[in-house]
Structure formats: structure tokens, C-alpha cells
Amino acid sequence: SGGAGAFSSGGDPAWKSCPGAGQGVLATDNCCLCGTPELGDFEAIHESHLSQCTCVGPACGCASAPNPSLAASCENGQCAGWDIRTSTKYAACTNDTECKLRMGLECCEGCQSGEWGLIAMRSDAESALQQAVCAPDTACDACVPTYPPNATAQCLGGFCQGVVTP
């Protein structure tokens, strides 16, 4: 795998070590990710190593899109990647009223986005999410997100999911 600028942590535990929140990032060792990547396409590393993970070179000849459902956080001193669509910590539910929409998994939720950036999570997990992905003392804009009118958060298969109807 890989292309020009590809990286590998080589299993070095220092790349995954993190002393606190807001330091984990997802990086790929393959410069050409076609389609929408999934969690297995990435490695969770400390943000200080991200500059060694830049992919440069010719276009891959395929379309790609970010996956707003993926994130990394510091868990017990180690960077860990996760997918909110299967996260019991942030998205487990028993009914639709427990779920809410959110614009991506960045520390600060975007104020406005298209359908592509939508995720769904458990309403009572926002504080836990921010503790996991935000560096201490991070200040976010005081805006109210605008969600597409045809989008809802639903509990499907025991997890909150964003549903967009045509």
C-alpha cells in the first residue's frame, strides 16, 4: 500500500502515545483512498506525527470523500480511532428521542454544512464527546448549527444514525 509520501508508524508506540484529550488524529498509510474511507483505512496517531503523513504526488484517478463518522481520541494514554456509527459510548440508543444530529466529529461543531457532514449521536453524549476530542480550554463559536430540513436522527439497530430523506 501507499504512494508518494506514504508513512508508517512501524508499530512505534510513541506514535500512539497521548497524555490527554484533543491529541489523537487519524492518518492513512495509503495516499490513494478511493470512495469513502472506513476506519480500517486509518491508524490513530498523536497529532505531532501528522506532518510525517502527508501524501503528495499525482491524483489517484478516483473520487474520494471524507468520512464524518470517524474520529480519534486519547483512551488510557493511547490514540484510538473509532466510528460513531458503532460506538456504544456515543451512539447506543433504544429509541429515536435519544438521538440528535451533529455536524461531524470535530471538537467544535460546524454551524452549517451539507448532508455529507452529518452524523448522529446520543443527545446526552455531547459532553463526553467534547472531553474526548477537544484539547483543554478549547473555545468554540457560539453559533447554532443549521441542519438540512430533510435530515433526522433515528435509532436504528441500537445506534443513532443520520437519515436523509429525498
Side-chain angles (χ1 to χ4, degrees), residues 1-92 100-122 124-141 145 153 158-162:
S1 78
F7 89 100
S8 174
S9 68
D12 183 347
W15 281 56
K16 294 183 91 54
S17 179
C18 58
Q23 299 173 359
V25 295
L26 294 175
T28 179
D29 65 354
N30 186 340
C31 292
C32 289
L33 290 175
C34 298
T36 302
E38 293 298 333
L39 189 57
D41 296 317
F42 296 98
E43 182 175 355
I45 62 170
H46 188 276
E47 66 183 356
S48 66
H49 297 289
L50 193 57
S51 65
Q52 300 171 48
C53 306
T54 57
C55 290
V56 297
C60 299
C62 63
S64 64
N67 187 335
S69 298
L70 307 179
S73 57
C74 188
E75 305 290 332
N76 300 314
Q78 295 292 303
C79 294
W82 46 272
D83 185 330
I84 195 150
R85 296 169 296 186
T86 57
S87 169
T88 55
K89 186 173 185 177
Y90 305 113
K100 72 171 199 150
L101 293 173
R102 190 177 198 279
M103 296 295 186
L105 291 170
E106 297 294 323
C107 174
C108 298
E109 180 176 11
C111 298
Q112 189 168 351
S113 179
E115 296 169 4
W116 66 268
L118 281 176
I119 60 102
M121 63 181 288
R122 206 173 56 250
D124 66 357
E126 182 70 34
S127 178
L129 174 69
Q130 288 184 347
Q131 288 176 4
V133 298
C134 297
D137 301 320
T138 299
C140 297
D141 291 337
F159 291 96
C160 296
Q161 303 292 320

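Quick note: residue numbers are just sequence positions, from 1. What you see below is based on every heavy atom in this structure, not just the backbone, and it leaves out hydrogens, waters and symmetry mates.
- Scanning all heavy atoms of the two residues, the minimum distance from Ala44 to Gly81 falls at CB-N, 3.3 Å.
- We find the CZ-SG distance between Arg85 and Cys160 to be 14.0 Å, quoted to the nearest 0.5 Å.
- When all heavy atoms of Ala132 and Tyr90 are compared, the pair lying nearest together is CB-OH, 3.1 Å.
- Looking at residues two or more places apart in sequence or on another chain, you find no side chain to side chain contact (heavy atoms under 4.5 Å, CB included) involving Pro136.
- Legend: residues meeting disulfide bond (SG atoms under 2.5 Å apart) with Cys79, ordered by chain and number and at least two apart, are absent.
- Disulfide check for Cys140/Cys107 fails, with the SG atoms at least 2.5 Å apart.
- Distance CD/Gln161 to OG1/Thr86: 9.0 Å, rounded to 0.5 Å.
- For the pair Ala91 and Arg122, the tightest heavy-atom approach, listed with the atom from each and the gap, is N-NH1, 3.8 Å.
- Once rounded to the nearest 0.5 Å, the distance linking CG of Leu101 with CE of Met121 reads 11.0 Å.
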Trace of the side chain to side chain contact (heavy atoms under 4.5 Å, CB included) decision for Leu129 with Arg102: CA-CA 11 Å; Leu129 174 69; Arg102 190 177 198 279; 3.5 Å; yes
Side chains of residues 65-73: which donor-acceptor partners sit under 3.5 Å, not counting sequence neighbours?
residue: Asn67; atom: OD1; partner: Ser69; partner atom: N; Å: 3.0
residue: Asn67; atom: ND2; partner: Pro37; partner atom: O; Å: 2.8
residue: Ser73; atom: OG; partner: Glu75; partner atom: OE2; Å: 2.7
residue: Ser73; atom: OG; partner: Trp82; partner atom: NE1; Å: 2.9

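- Other residues, nucleotides and ligands contribute over 12 non-hydrogen atoms within 6.0 Å of the CD atom of Glu38.
- Taking the side chain to side chain donor-acceptor pair (under 3.5 Å) definition, one finds that Glu109 meets it with Tyr147, sequence neighbours left out.
- Remark: Gln78 pairs with Lys16, Ser17 by the side chain to side chain contact (heavy atoms under 4.5 Å, CB included) rule, at least two apart or across chains.
- Atom NZ of residue Lys100 and atom CD1 of residue Ile119 lie 8.0 Å apart, to the nearest 0.5 angstrom.
- Residue pairs meeting the side-chain hydrogen bond (donor to acceptor under 3.5 Å, both in side chains) criterion with at least one partner in residues 127-137, sequence neighbours excluded, are Glu126-Gln130.
- Between the CD atom of Glu47 and the CG atom of Leu26 there is a distance of 12.5 Å, given to the nearest 0.5 Å.
- With sequence neighbours left out, Asp141 forms a salt bridge (charged side-chain N to carboxylate O under 4.0 Å, His left out) with no residue at all.
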